[in-house]
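Structure first, commentary second.
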Amino acid sequence: MKLLLALSLLTFSMLALSCTDFSGTFKEPKDGTEAQIIQAGCSTLTIVSEKQTSVFNLDGAYHEFFSQDIIIEGQVVAKMKGSSRANFEADKLILDIKLHIESSVSNSPDLNKDEVTRNVVSLNADNDLVSVTTRPDGTTDTAISKRVK
């Protein structure tokens with residue numbers, strides 16, 4: 001009985017640590033450029049394209065990737081920060097991009113806000129990358145990036 005329990009716990013813990021491997025090269029549907037995904041197990045995912053390289057920690061925590069002052073007439077009126085959070089849910093990669101704007105001007109509290117865009121990424125039967133994007137206003141779109149390699 002103890003052996004069965006130990007094997008069950010081991011199997012469950014191995015499944016909990018597994019994640020879908022998105023590694024490969026994909027063609028972007030909008031402009032036809034290729035992007036390579038390099039995945040290091042369940043810990044990081046790197047996207048390399050002609051335009052940029054982005055590295056995502058797959059730990060479910062937000063990580064800041066830019067910070068910028070908004071300056072009008074020489075005065076900082078707001079600060080803008082971008083951060084991303086990535087993690088796996090079953091066989092899907094969840095990627096949230098948060099834009100945080102904080103007003104430096106006391107009479108503009110309506111500028112203080114967080115906007116999150118959510119991307120849910122999965123592989124279809126052909127191992128193409130399927131990304132469903134939900135914007136802060138609730139609109140969505142789906143893009144399929146064809147696997148090249």
Side-chain angles (χ1 to χ4, degrees), residues 9 11-149:
L9 287 172
T11 302
F12 177 75
S13 62
M14 286 174 62
L15 288 173
L17 294 174
S18 67
C19 53
T20 303
D21 185 3
F22 288 96
S23 298
T25 303
F26 301 89
K27 185 173 269 193
E28 295 292 325
K30 290 182 181 175
D31 59 11
T33 60
E34 289 185 5
Q36 181 183 18
I37 296 177
I38 304 162
Q39 186 173 331
C42 300
S43 60
T44 61
L45 186 128
T46 304
I47 303 172
V48 180
S49 70
E50 294 174 9
K51 301 173 192 170
Q52 66 185 31
T53 297
S54 301
V55 179
F56 299 97
N57 292 313
L58 302 173
D59 60 4
Y62 275 105
H63 299 276
E64 188 175 306
F65 62 87
F66 86 88
S67 179
Q68 177 178 334
D69 291 338
I70 300 172
I71 301 170
I72 297 177
E73 297 178 1
Q75 180 182 1
V76 175
V77 295
K79 293 189 180 291
M80 184 170 40
K81 295 179 182 179
S83 57
S84 64
R85 173 177 67 185
N87 63 288
F88 285 97
E89 289 182 9
D91 62 344
K92 294 176 175 42
L93 172 67
I94 309 299
L95 176 61
D96 292 332
I97 306 293
K98 179 168 61 173
L99 180 63
H100 174 77
I101 301 173
E102 186 174 316
S103 175
S104 301
V105 182
S106 59
N107 62 355
S108 297
D110 56 327
L111 281 179
N112 297 329
K113 61 183 170 181
D114 286 330
E115 292 187 345
V116 177
T117 299
R118 172 161 279 202
N119 298 282
V120 178
V121 183
S122 60
L123 296 172
N124 65 13
D126 296 325
N127 272 335
D128 297 328
L129 206 62
V130 179
S131 179
V132 178
T133 302
T134 304
R135 290 178 205 74
D137 65 2
T139 60
T140 64
D141 67 65
T142 301
I144 298 176
S145 300
K146 296 287 185 184
R147 182 179 291 273
V148 178
K149 296 180 195 169

As an exercise, state the distance from CG of Asn87 to CZ of Phe56, rounded to the nearest 0.5 Å. 12.5 Å
Return the minimal non-hydrogen interatomic distance between Pro136 and Glu115, and the atom names on each side. CG-CB, 3.7 Å
Going by the rule side-chain hydrogen bond (donor to acceptor under 3.5 Å, both in side chains), which residues pair with Thr139 if we only count those two or more places apart in sequence or in a different chain? Arg135, Asp137
Leu58 and Phe88: which non-hydrogen atoms are nearest, and at how many Å? CD1-CE1, 3.5 Å
Quick check against the 3.5 Å criterion: does Ser131 have a side-chain atom that pairs as donor or acceptor with the backbone of Ala143? no
Within the side chain of Asp69, is there an N or O that forms a donor-acceptor pair under 3.5 Å with the backbone of Ile71? no
Which heavy-atom pair separates Gln52 from Ser54 by the least distance, and what is that distance? NE2-OG, 3.2 Å
Please check this pair: side chain of Gln39 against backbone of Thr20, looking for a donor-acceptor N/O pair closer than 3.5 Å. yes
Point-to-point distance, once rounded to the nearest 0.5 Å, from CG of Leu95 to CD1 of Ile47: 7.0 Å
Using a strict 4.0 Å threshold on nitrogen-to-oxygen distance, state whether Asp128 and Arg147 make a salt bridge. no
Hey, could you give me the OG/CD distance between Ser49 and Glu34, rounded to the nearest 0.5 Å? 11.0 Å
Distance in Å, Asn119 CG paired with Asp141 CG, rounded so as to fall on 0.5 Å steps: 9.0 Å
Check whether Ser122 reaches the backbone of Lys92 with its side chain - one donor and one acceptor, N or O, closer than 3.5 Å. no
With Val48, the side-chain contact (heavy atoms from CB on, under 4.5 Å) member among Val55, Ile37, Ile38, Thr25: Ile38
Decide side chain to side chain contact (heavy atoms under 4.5 Å, CB included) for Asp31 and Lys51; before the verdict, give the C-alpha distance in whole Å, the side-chain angles of both, and the deciding distance to 0.1 Å. CA-CA 12 Å; Asp31 59 11; Lys51 301 173 192 170; 2.7 Å; yes
What's the separation between atom CG in Asp96 and atom OG1 in Thr134, rounded to the nearest 0.5 Å? 9.5 Å
Work out which heavy atom in Cys19 is nearest to a heavy atom in Gly41; give both atom names and the distance. SG-O, 3.7 Å
Taken to the nearest 0.5 Å, the spacing of Leu129 CG from Phe26 CZ works out to 5.0 Å
All heavy atoms of Glu28 vs all of Ala35, minimum pair found to be OE2-CB, 3.7 Å
Correct closest heavy-atom pair for Ser83 and Tyr62 would be OG-CD2, 3.4 Å
